Amino acid sequence: MPRPKIALIGAGHIGGTLAHLAALRELGDVTLFDVTAGTPRGKALDIAEAAPPAGFDAVLTGTDSYADIEGADICIVTAGVPRKPGMTRDDLLSVNLGVMKAVGDGIRTHAPGAFVICITNPLDAMTWALQRYSGLPAERVVGMAGVLDSARMRHFLALDMGVSVKDVSAFVLGGHGDTMVPMIRHATVAGIPLPELIAAGWTTAERVDAIVERTRNGGAEIGALLGTGSAYYAPATAALEMAEAVLKDQKRVLPCSCRLSGEFGQSGLNIGVLTILGAAGVERIVELSLTEDEQREFEASAAAVRTLIGACRALDPAL
Ligand code: TXD
């Protein structure tokens, strides 16, 4: 049986890390695509040469031709320009919209059966545009942000309480950006809800508020430390968790940016919600009930995403 084919569109920091992780985990053969062939071919060869000491079987190729993504089972899209310090995610919109058009055309022509994970910022608007440009079904084109934002929150909670990240469960809803909605009341340690842990003195409401704030600024914190570029180890790891869920039909319950059709009172936009991810892609959107505050925050987040989608439509009326 042939190995699954994973196409990585964009061979920069996240694309290269994705290729390395996918190979180490033997998730499939990897095709790295970028606008010039040198970088993807160089990274593919470098990772392939890691196979003997690491002991993995995977074929890695680099290309600047969309024909080489033919038949991909998964496409993970990082193509575009990353955020620089002082630049908002929204500043990236017009450059990256043009990139999504090119990538959407490539996927439509060569990998129409793929499950597509968009990582390019501004995340929710780019995922929305990529789905429109590619013409693939909405349940097969999602954005990665929620798994990363949730991972950051889990890391901070684990640090704060001195417990293993393995035992911390938490998720965020809403758009990727300052308006994300961290679902504190659903966070748990080994199944014990966070409000109970606060009552028992494991942490305090003030510390949790600070963690929520740090989660919201997680991307900017790393960008400022790095000086140039943005986070890539955790984003790549988060996207691979989603890809693996689909490749192995795991039915994982993971937050991702999905097209809504009435859920949470919203339609026609992509935004972060909890989903069940399996072989069919987004197999279900989990409609949990929100408190009034959460609903209000979710609506504010949706409004922010709608503004960006409006800006995309103004740039390309064909969308
Ligand atoms: O949670 C999240 N979704 C994110 C998103 C977390 C971190 C970073 N996030 C965004 O991912 C970031 O703002 C960027 O928009 C993407 C990719 O970040 P990365 O750090 O990998 O950026 P790089 O290293 O600049 O890589 C981008 C590559 C680079 O090699 C370009 O040559 C290539 O994209 N590129 C293209 N590839 C294919 N086709 C086109 N048109 C193209 N244009 C640029």
Side-chain angles (χ1 to χ4, degrees), residues 7-21 31-44 62-66 68-69 75-85 87-107 110 116-130 133 142-153 172 174-178 180 215-223 225-242 254-257 270-272 305 308:
L8 305 175
I9 317 292
H13 288 95
I14 299 179
T17 309
L18 276 167
H20 192 198
L21 288 174
T31 301
L32 268 164
F33 172 97
D34 210 302
V35 276
T36 52
T39 301
R41 289 178 65 190
K43 290 194 179 186
T63 184
D64 61 352
S65 164
Y66 273 110
D68 292 326
I69 73 164
C75 292
I76 307 183
V77 178
T78 58
V81 178
R83 188 158 58 130
K84 312 226 164 55
M87 194 176 173
T88 68
R89 290 187 177 92
D90 306 354
D91 294 336
L92 299 173
L93 184 109
S94 88
V95 180
N96 287 351
L97 184 65
V99 174
M100 289 307 106
K101 185 168 175 25
V103 174
D105 286 348
I107 292 176
H110 296 287
V116 179
I117 301 172
C118 180
I119 303 185
T120 304
N121 271 326
L123 192 270
D124 303 281
M126 291 302 102
T127 307
W128 175 85
L130 184 60
Y133 285 134
V142 302
M144 187 295 294
V147 177
L148 172 65
D149 296 329
S150 307
R152 287 177 172 152
M153 189 155 87
V172 307
H176 184 49
D178 313 334
M180 70 178 77
T215 302
R216 285 209 169 99
N217 297 321
E221 181 179 3
I222 291 185
L225 288 167
L226 292 177
T228 56
S230 48
Y232 50 99
Y233 293 112
T237 310
L240 266 199
E241 190 178 23
M242 294 164 63
L254 296 173
C256 51
S257 181
N270 275 71
I271 192 161
V305 174
L308 292 181

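For the single chain, residues carry numbers from 1 onward in sequence order. Worth saying up front: this structure is predicted, and the values here are computed from it rather than measured. No hydrogens, no waters, no symmetry mates; every other heavy atom, side chains included, goes into these values. Remember, it's 1-based here, ligands and their atoms both numbered in the order they're listed.
The closest approach between any non-hydrogen atom of Ser230 and ligand 1 is below 4.0 Å. Within the 4.0 Å heavy-atom cutoff, Gly229 does not count among the residues contacting ligand 1. Proximity of Val99 to ligand 1 is established by a heavy-atom distance of less than 4.0 Å.
Not counting sequence neighbours, the partners of His13 by the ring pair (Phe, Tyr, Trp, His ring centres under 6.0 Å) test are Tyr232. Under the ring pair (Phe, Tyr, Trp, His ring centres under 6.0 Å) criterion, Tyr66 pairs with Phe33, not counting sequence neighbours.
Below 3.5 Å of separation, one finds no N or O of Ile9 facing any N or O of ligand 1. Residue-to-ligand polar distances keep Tyr232 apart from ligand 1: every N/O pair is separated by 3.5 Å or more. For the pair Tyr66 and ligand 1, the shortest N or O to N or O distance does not fall below 3.5 Å. Considering backbone and side-chain N/O of Ile14, one or more are found under 3.5 Å from N/O of ligand 1.
Compare Gly143, Ala231, Gly80 by their heavy atoms: the one nearest to atom 44 (C) of ligand 1 is in Gly80. Comparing heavy-atom distances from atom 42 (C) of ligand 1 across Thr228, Val35, Leu32, Val147 singles out Val35 as nearest.
Asp124 places a side-chain N or O within 3.5 Å of a backbone atom of His176 that can act as its donor or acceptor partner. Lys43 places no side-chain N or O within donor-acceptor distance of the main-chain N or O of His20, the cut-off being under 3.5 Å. Formation of a donor-acceptor pair under 3.5 Å by the Asp34 side chain with backbone atoms of Ala11 is found in this model. Between the side chain of Thr215 and the backbone N or O of Arg152, no donor-acceptor pair lies under 3.5 Å. The backbone N or O of Gly38 lies less than 3.5 Å from no partner atom in the side chain of Thr36, so there is not a single donor-acceptor pair. With hydrogens and angles ignored, the 3.5 Å screen pairs a side-chain donor or acceptor of Asn96 with a backbone N or O of Val81.
Near Leu123, meaning under 4.0 Å from any of its heavy atoms, are these atoms of ligand 1: 3 (N). Near Phe33, the atoms of ligand 1 lying under 4.0 angstrom from a non-hydrogen atom of the residue are 38 (C), 39 (N).
Residue His176 touches ligand 1 through its side chain alone, judged by heavy-atom distances below 4.0 Å. When non-hydrogen atoms are compared, ligand 1 lies under 4.0 Å from the side chain of Leu148 (C-beta onward) but not from its backbone. Under 4.0 Å from ligand 1, the heavy atoms of Val81 that appear belong solely to its backbone. With a heavy-atom cut-off of 4.0 Å, Ala102 does not touch ligand 1 at all.
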Taking it one step at a time, do Thr17 and Tyr233 satisfy side chain to side chain contact (heavy atoms under 4.5 Å, CB included)?
CA-CA 7 Å; Thr17 309; Tyr233 293 112; 4.0 Å; yes
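A side chain to side chain contact (heavy atoms under 4.5 Å, CB included) with Met126 is found for exactly one of Leu93, Asn121, Ile119, namely Leu93.
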